[in-house]
Amino acid sequence: MSTTAPNAKPRRTRKNHWIPVVAGFLRKDGRILIGQRPENNTLAGQWEFPGGKVELGESPEEALARELREELGIEATVGELKLACTHTYGDVGIMILFFEILFWKGEPKAKHHMMLEWIYPEELRDRQIPEANRKILDRIEKAIGVQWPKSSSSRKG
Ligand code: DGT
C-alpha cells in the first residue's frame, strides 16, 4: 500500500527544458538601442534588445558582457537587473533577464544583427518584437522610461 502525503507536490512526468537569456538596455541621448535579428535565425527580422543565451558556468552579468562584446563589439559594464520574464516557445521555456547598461567602451556596431537602431522608447511599441517582449511591453516601457499617458487618444496627433 502506498502512502502519499496530502500536500505532496505533484510528480512531473516530463522534465522542463529552460534556456536562460540575458538582454541589455543601452541608452544614448534619450534613445535606446535595438537590433534586428539576422536572417536564417529564429525570429528573423524581429527587433530585440542585444543579448543572448547564458552559457554553462557563466553568471548572467558575464554572459551579457560577452554577448555585447560579440554582438556589438563593446566592453560593457553590466548594471542593475531591471526586469525578468518567462515565455514558452513550443516545448522550450526561456527566462529573460533584462539589465541596465549605463557604461561601455567603444561604439556599438552590427556584428550580428542585420541592423542596429537607437529609437525613442515610445517607438518600441510600433516595431515587430518577439512575443516574449510584446506580452510584457507595459513592464518594458516602464523600465525603459516611456513617458506618455497610456490612453490611445493621447498618442494621436
Ligand atoms: P545562439 O547563436 O543560437 O546560441 O544564440 P544567442 O546566444 O545569441 O541567443 P539567441 O539570440 O538566439 O537567443 C535568445 C532567445 O531569446 C531567442 O529565442 C530570442 C529570445 N528573446 C526574446 N526577447 C529577446 C530580447 O529582447 N533580446 C534577446 N537577445 N533575445 C530575446
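First listed ligand is number 1; within each ligand, the first listed atom is number 1.
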Go ahead and list the nitrogen or oxygen contacts between ligand 1 and the protein that come in under 3.5 Å, distances to 0.1 Å, or just say none.
{"residue": "ligand 1", "atom": "3 (O)", "partner": "K53", "partner atom": "NZ", "Å": "2.9"}
{"residue": "ligand 1", "atom": "7 (O)", "partner": "K53", "partner atom": "N", "Å": "2.9"}
{"residue": "ligand 1", "atom": "7 (O)", "partner": "E67", "partner atom": "OE2", "Å": "3.1"}
{"residue": "ligand 1", "atom": "9 (O)", "partner": "K53", "partner atom": "N", "Å": "3.4"}
{"residue": "ligand 1", "atom": "11 (O)", "partner": "R37", "partner atom": "NH1", "Å": "3.0"}
{"residue": "ligand 1", "atom": "23 (N)", "partner": "N133", "partner atom": "OD1", "Å": "2.7"}
{"residue": "ligand 1", "atom": "26 (O)", "partner": "F49", "partner atom": "N", "Å": "3.2"}
{"residue": "ligand 1", "atom": "26 (O)", "partner": "N133", "partner atom": "ND2", "Å": "2.9"}
{"residue": "ligand 1", "atom": "27 (N)", "partner": "F49", "partner atom": "O", "Å": "2.7"}
{"residue": "ligand 1", "atom": "29 (N)", "partner": "E48", "partner atom": "OE1", "Å": "3.3"}
{"residue": "ligand 1", "atom": "29 (N)", "partner": "F49", "partner atom": "O", "Å": "3.1"}
{"residue": "ligand 1", "atom": "29 (N)", "partner": "G51", "partner atom": "O", "Å": "3.4"}
{"residue": "ligand 1", "atom": "30 (N)", "partner": "E48", "partner atom": "OE1", "Å": "3.3"}

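With hydrogens and angles ignored, the 3.5 Å screen pairs a side-chain donor or acceptor of Q36 with a backbone N or O of G45. R37 places a side-chain N or O within 3.5 Å of a backbone atom of T42 that can act as its donor or acceptor partner.
Within the structure, side chain to side chain donor-acceptor pair (under 3.5 Å) pairs that include any residue of residues 67-76 comprise R66-E70, R69-E75 (at least two apart or interchain).
Using a cutoff of 4.0 Å between basic side-chain nitrogens and carboxylate oxygens, R127 and E117 are scored as salt-bridged.
Evaluation of the side chain to side chain contact (heavy atoms under 4.5 Å, CB included) rule for A23 yields F49, I96, F98 as partners, not counting sequence neighbours. With sequence neighbours excluded, no residue forms a side-chain hydrogen bond (donor to acceptor under 3.5 Å, both in side chains) with R139.
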